[in-house]
Amino acid sequence: MGRTLAQKVWDDHVVRRAEGEPDLLYIDLHLTHEVTSPQAFDGLRAAGRPVRRKDLTIATEDHNVPTTDIDKPIVDPISRAQIDALRINTKEFGIENYELGNKEQGIVHIIAPQSGLTQPGMTIVCGDSHTSTHGAFGSIGMGIGTSEVEHVLATQTLPLKPFKTMAITVNGKLPVGVTAKDLILAIIAEIGTGGGQGYILEYRGEAIRALSMEGRMTMCNMSIEAGARAGMIAPDETTFEYVKGREHAPKGADWDAAVAYWKTLPTDDDAVFDREVIIDATKLSPFVTWGTNPGQGAPLSATVPSPDDFTDEVDKKATEKALEYMDLKAGMPIRDIKIDTVFIGSCTNGRIEDLRAAAEILKGNKIAEGMRMMVVPGSVRVRLEAMAEGLDKVFLEAGAEWREAGCSMCLGMNPDKLTPGERSASTSNRNFEGRQGPGGRTHLVSPAVAAATAIRGTLSSPADLVGSSN
Amino acid sequence: MEKFTVHTGTAAPLRASNVDTDQIIPAEYLKRITRHGFEDGLFNSWRKDANFVLNRPAYQGVSVLVAGPDFGTGSSREHAVWALMDYGFKVVISSRFADIFRGNSGKQGLLTAVVEQSAVEQLWKIIEEEPSTPVTVDLEAQVITAAGFTTKFEVDSYVRWRLMEGLDDIGLTLKHVDEIAAFEAKRPSFKPTTI
């Protein structure tokens, strides 16, 4: 019987397989950052263990860093202490760290693909659940906890039980104006936040093949919001074209050998998935969340649901609780929801294409009266590229703030936060209670919807701007 | 890691689904660089409500948490496990756990016991009617008992073995260091390096 993409990549990394034990899996690339690593380095120190493969490990400063005044010391002493700890640890253990101010610095899931470290057929881990992003290249990218970070630092392996596999086949073409973000939000609403638990997802079908690498990264990034530790897309010419020529990409004969191997990875025709979900791309439209988990979403054209719309008691109660927290009335059109702050950025939508998409809509427009809009590039390189294209001017002229690279308002861990009761349209990945700051209310949206919303002041798609006097 | 065989303690009902790790411990607490002392961050925003279950006098000193489905979703932060353990929890019972959270728990010695949602409802009823009811979680027999109610629970067999033996994962893996080296010797030259 044939094998799936996930099974092939898995099998090629098994160091040891024994009855009654998890597989011991080799890790090709370990990404680290300041938040989930200090206790792991302490553990190594206490046990007198070195880092096994410094050359397969990299660090960056992203979660905690401010996105303004980065030339000055970090104001928050606890954040500063954590950044200092990373600098001390990486120096002591011999790991390269992209410090704030370095041109390679940025969000961990943005910098690895842009430098060519992320390639097809790899196992990639990081103490961050959005490591699933790297699955866009046909790799197994997995978020891990701090104990596992220590385990990988010490052994370059992880004991793991094989996952089940789920095919998510997206047939047909996405309608104009519908993006990868809308598609993944619709998929999560369909399978639920727990639907992917125990599985590695594989996104397939015509609509997926048509996506750019950046769109594919957005899709795989949010696999974890459907409960799946990893999501993957088979490598193809789009993937090879993206990787080719990047700093860490294979060169010369190595490139040919790599491509030959990568071409063997796609799922065999006779492989069987444990579960299959089929989505019709042609029926989709811009999609946003109304609730407090990423599965609580609906088309922008819909109305806010009522607890009575659900038959399951758990869903009913969750909806009731979410509407109360979000201060929304069942039945109101989602398009009427007034937004205070628009955030464009994060490992989900902080890449150059995302900024281009938002700038195209903002060009020649002003953001609504009283609206706050923050545009935060995912890395220094994305920032410089955007500036070379003049996108920064478009954002500034529209009335938005143009920031330095970092995780920013995605997670309420640095100065960029919502205030209690403030409502955002955010291109990030989580709308949990208080995620963007205590008491903050988050609606997850695509970059295009974020830009249109900034102009109109209520949740909107670019199509809503046609004929608008703004 | 401490060995885990049988645990008996009182339990708190957490009647919520999709309890994400941002609720278990907000990101603000993740700036710390220590591994202990996270009990103050546990359910930080919910604990501001005097009626929150852990604030009620009847549920002081609990060591078992009985939660709705999809417990521990979201961020991979192991701080969620540390916060639960620092607060005094030894066991979390739910019908479904998020994968990363369950993995992190197993590494630290927090038992995540998977039962049917109907068993969760039964346990909620028992510990709401009589909060002082002792709940016994027997890892060897994989059975939970409370006031005459008994249910089997699921736990990964390897995690169960490690918890019962109190074994350190890294030490176990380093026994196979020769196999790791042999694997490394065969890795293709086109694989990238960071330096």
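Within every chain, numbering begins at 1; the chains are lettered A, B, ... in the order of the sequence lines, protein sequences first and strands thereafter.
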Counting only heavy atoms closer than 4.5 Å, note whether [X] contacts chain B via side chain, backbone, both or neither.
{"X": "A:V14", "result": "backbone"}
{"X": "A:H13", "result": "both"}
{"X": "A:E433", "result": "both"}
{"X": "A:I224", "result": "side chain"}

*Would you call the rings of A:W262 and B:F190 parallel, tilted or perpendicular if under 30° counts as parallel and over 60° as perpendicular?*
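Geometry flag for B:F190 against A:W262: perpendicular rings.
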Any idea which of [options] has the most non-hydrogen atom pairs under 4.5 angstrom with chain B?
{"options": "A:G227, A:G198, A:A249, A:S115", "result": "A:G198"}
{"options": "A:E148, A:E225, A:K317", "result": "A:E148"}
{"options": "A:K251, A:H151, A:H248", "result": "A:H151"}
{"options": "A:D28, A:T193, A:N293", "result": "A:D28"}

Main-chain N/O of [Y] paired to [X] side chain as donor or acceptor, under 3.5 Å:
{"X": "A:T155", "Y": "B:L174", "answer": "no"}
{"X": "B:T194", "Y": "A:K54", "answer": "yes"}
{"X": "A:Q197", "Y": "B:D99", "answer": "no"}

*A:R430 versus B:G74, closest heavy-atom pair with distance*: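 Minimum heavy-atom separation between A:R430 and B:G74: NH2-C, 3.0 Å.
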Ion pair present between [X] and [Y], side-chain N to carboxylate O less than 4.0 angstrom?
{"X": "A:R17", "Y": "B:E179", "answer": "no"}
{"X": "A:K161", "Y": "B:D156", "answer": "yes"}
{"X": "A:K417", "Y": "B:E28", "answer": "yes"}
{"X": "A:D76", "Y": "B:K31", "answer": "yes"}
{"X": "A:E21", "Y": "B:R162", "answer": "no"}

For the atom pair [atom1] ([X]) and [atom2] ([Y]), what is the distance rounded to the nearest 0.5 Å?
{"X": "A:R435", "Y": "B:S75", "atom1": "CZ", "atom2": "OG", "result": "6.5 Å"}
{"X": "A:E150", "Y": "B:R35", "atom1": "CD", "atom2": "CZ", "result": "5.5 Å"}
{"X": "B:R32", "Y": "A:I78", "atom1": "CZ", "atom2": "CD1", "result": "7.0 Å"}
{"X": "B:E184", "Y": "A:L56", "atom1": "CD", "atom2": "CG", "result": "7.5 Å"}
{"X": "A:Q82", "Y": "B:L30", "atom1": "CD", "atom2": "CG", "result": "7.5 Å"}
{"X": "A:T292", "Y": "B:D22", "atom1": "OG1", "atom2": "CG", "result": "11.5 Å"}

_Per-residue contact mode, B:D169 against chain A (heavy atom under 4.5 angstrom)_ =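 Both backbone and side chain.
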_Is a donor from one side chain sitting under 3.5 angstrom from an acceptor on the other, for B:E78 and A:T36?_
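Note: B:E78 and A:T36 side chains miss the donor-acceptor criterion.
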